[in-house]
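Working notes for the structure below.
Here the structure is a predicted model, which means the values were calculated and not measured. What's counted below: heavy atoms across the whole structure, side chains too, no hydrogens, waters or symmetry copies. So that the names make sense, note that chain A is the first sequence line, chain B the second, and so on, each numbered from 1.
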Number of protein chains: 2
Amino acid sequence: MTDHAKQAEGSAGDPIVLIVDDDPSMRRALTNLFQSVGLKVEAFSSAAEILEAKPPAVPSCLVLDIRLPGASGLDLQADLAKANIHTPIIFITGHGDIPMTVRAMKSGAVDFLTKPVRDQDMLDAVQAAIERDRKRRDAEKSISGVRSRFEGLTARERDVLALVASGLMNKQVAAELGLAEITVKIYRGQIMRKMGAKSLADLVRMTDALGIPRNRGHLQT
Amino acid sequence: MTDHAKQAEGSAGDPIVLIVDDDPSMRRALTNLFQSVGLKVEAFSSAAEILEAKPPAVPSCLVLDIRLPGASGLDLQADLAKANIHTPIIFITGHGDIPMTVRAMKSGAVDFLTKPVRDQDMLDAVQAAIERDRKRRDAEKSISGVRSRFEGLTARERDVLALVASGLMNKQVAAELGLAEITVKIYRGQIMRKMGAKSLADLVRMTDALGIPRNRGHLQT
DNA sequence: CTACGGCACAAACCTACGTATAGCTCGCAC
DNA sequence: GTGCGAGCTATACGTAGGTTTGTGCCGTAG
């Protein structure tokens, strides 16, 4: 409740803007723009370069010229998605067309700006993108602990967890798995302990966050 | 498990494509195209017209020329959003620009096609849009029953529900609300009955679906 | 005034949950 | 083999959850 400082430190820690543009003057202009509002910047001149760099550990976004030497901006977007890197992307283009724009936006781009780009538009877009990334990271972090604890469960404990979280009583779980009720109770206790759940409600929310399928679970209309 | 037919009947019931275009020949061409693949069609010539019509009760999508007499396609999109109508929109345009495209896509459009539109592109977009609407309707329907049952709870029952769903024991709920434990138990039973929940897990999921705030509830990392 | 519904509580009773202690088998690593 | 952990069970005991039946107060709609 009172650890705001710690939490902000953990999930923020100075956002960074990543720029990919083959035009040195553009890189310089963008770098200056972002630094003028106190943002950290890292600039690259090609898609290959940024793919070699390690993905940032802080809230960040990508400012990407759609026309790049070698792989285009859209290709890079696809590559990053394939590599499970979800840094929000802002495209800039001098002569883009509508199909290209649609494709980029459908693939999750946060914005698509046309040159000449107004400084304020760019800053607004970057602000929104970083905010989005921060939220995504927070959400990711909040379930990563749950996920790792789940990994620590034995196979049988997971079986029991799935059925308990779907609302079955211990005796029903036992019948379903061919066990004695007492066995289920013991596993159940171990599950609560290992998962760090302080109540059944906690446990249910954890399993839902993990996307564990419910063997029996209905919210009937 | 075996009621595919029933379910399809309940949530589908023949999708419909709504067309808004001031060009009669375009309306005719699109109408023919969609009817050729067995889709129902309703065509309008202006934004005002479709706003007067009642929103469809079946999975549907909107095919919208961005340039319309009176209110533009983007205006109509905003009006529909304001009216809480979430029919997916596919834009078509003869001379749209990129900022317009970005604005439409950010506002939730499923696609943005440029004239001349290839039939297959249009059909693909419509298919995707209708599928999206079908999913949205299914989700909406599945919580509407829960929501209406929640409306039937008394003020006190809602208090108890919030605390129970956040994982507190009856005695803790009682202390929090200044009640006797037995009173909480009785309310709890009434809640389960009124909400149609067969287990605490059910109840927790319902409250989460309803977005009921948790007075005490932590998924600590 | 009377009836009704919401709110609150109590005693009694039953079921479900949870833990502790103890004991068993099996497979695997040392 | 010895030890270890997973898996499984039993007895016993205490706590939490849940229903029934009955009581009473309050406000309001008829």
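For B:Arg188, a side-chain nitrogen or oxygen approaches OP1 or OP2 of D:dG18 to under 4.0 Å. Contact between the side-chain N/O atoms of B:Asn170 and the OP1/OP2 oxygens of D:dA16 is not found at any separation under 4.0 Å. Listed pair A:Lys171 / C:dA16 meets the phosphate criterion, a side-chain N or O lying under 4.0 Å from OP1 or OP2.
For A:Met169, counting side-chain heavy atoms from C-beta on, the closest listed nucleotide (D:dG7, C:dC17, C:dA11) is C:dC17. Side-chain proximity of A:Ile182 to the nucleotides D:dT11, C:dA11, D:dC8 is greatest for D:dT11. Picking from C:dA16, C:dT19, D:dC8 the nucleotide with the shortest atom distance to the side chain of A:Leu179 gives D:dC8. Which of D:dA10, C:dG18, D:dG7 sits closest to the side chain of A:Thr154 comes down to D:dG7. The listed nucleotides are C:dC17, D:dT9, D:dC8; the one nearest the side chain of A:Tyr187 is D:dC8. Closest contact between the side chain of B:Thr183 and the listed nucleotides D:dG17, C:dC9, C:dT19 involves C:dC9. For A:Ala180, counting side-chain heavy atoms from C-beta on, the closest listed nucleotide (D:dA10, D:dG18, C:dC9) is D:dA10.
In this entry the distance linking NZ of B:Lys185 with P of C:dT15 reads 15 Å, nearest Å. In this structure, A:Ile186 atom CD1 and D:dT9 atom P are separated by 10 Å, rounded to whole Å. Atom CE of B:Met192 and atom C1' of C:dA16 are 13 Å apart (whole Å). Following rounding to the nearest Å, A:Leu153 (CG) and D:dG7 (C1') show an atom-to-atom distance of 15 Å. Atom CZ in B:Arg193 sits about 9 Å away from atom P in D:dT20, given to the nearest Å. Distance, A:Asp159 CG to D:dA6 P: 15 Å, rounded to whole Å. Rounded to an integer number of Å, the gap from NZ of B:Lys198 to P of C:dA16 is 17 Å. The distance from atom CD of B:Gln172 to atom C1' of D:dA16 is 11 Å, rounded to the nearest whole Å.
For the pair A:Val184 and B:Glu181, nearest-nucleotide mapping onto DNA chain D gives the more 5' position to A:Val184. Each of B:Arg156 and A:Leu200 was matched to the nucleotide of DNA chain C holding its nearest heavy atom; the match closer to the 5' end belongs to B:Arg156.
For B:Arg136 and B:Asp133, the salt-bridge test passes: some basic side-chain N is under 4.0 Å from an acidic carboxylate O. The pair B:Arg205-B:Asp208 does not meet the salt-bridge criterion, since no charged nitrogen lies less than 4.0 angstrom from a carboxylate oxygen. A salt bridge links B:Lys106 and A:Asp111; the closest N-O separation between the charged side-chain nitrogens and carboxylate oxygens is under 4.0 Å.
Looking at heavy atoms from C-beta onward, B:Val184 lies out of side-chain contact with B:Leu177 at the 4.5 angstrom threshold. Taking the side chain as every heavy atom from C-beta outward, A:Val20 and A:Asp65 never approach each other to under 4.5 Å.
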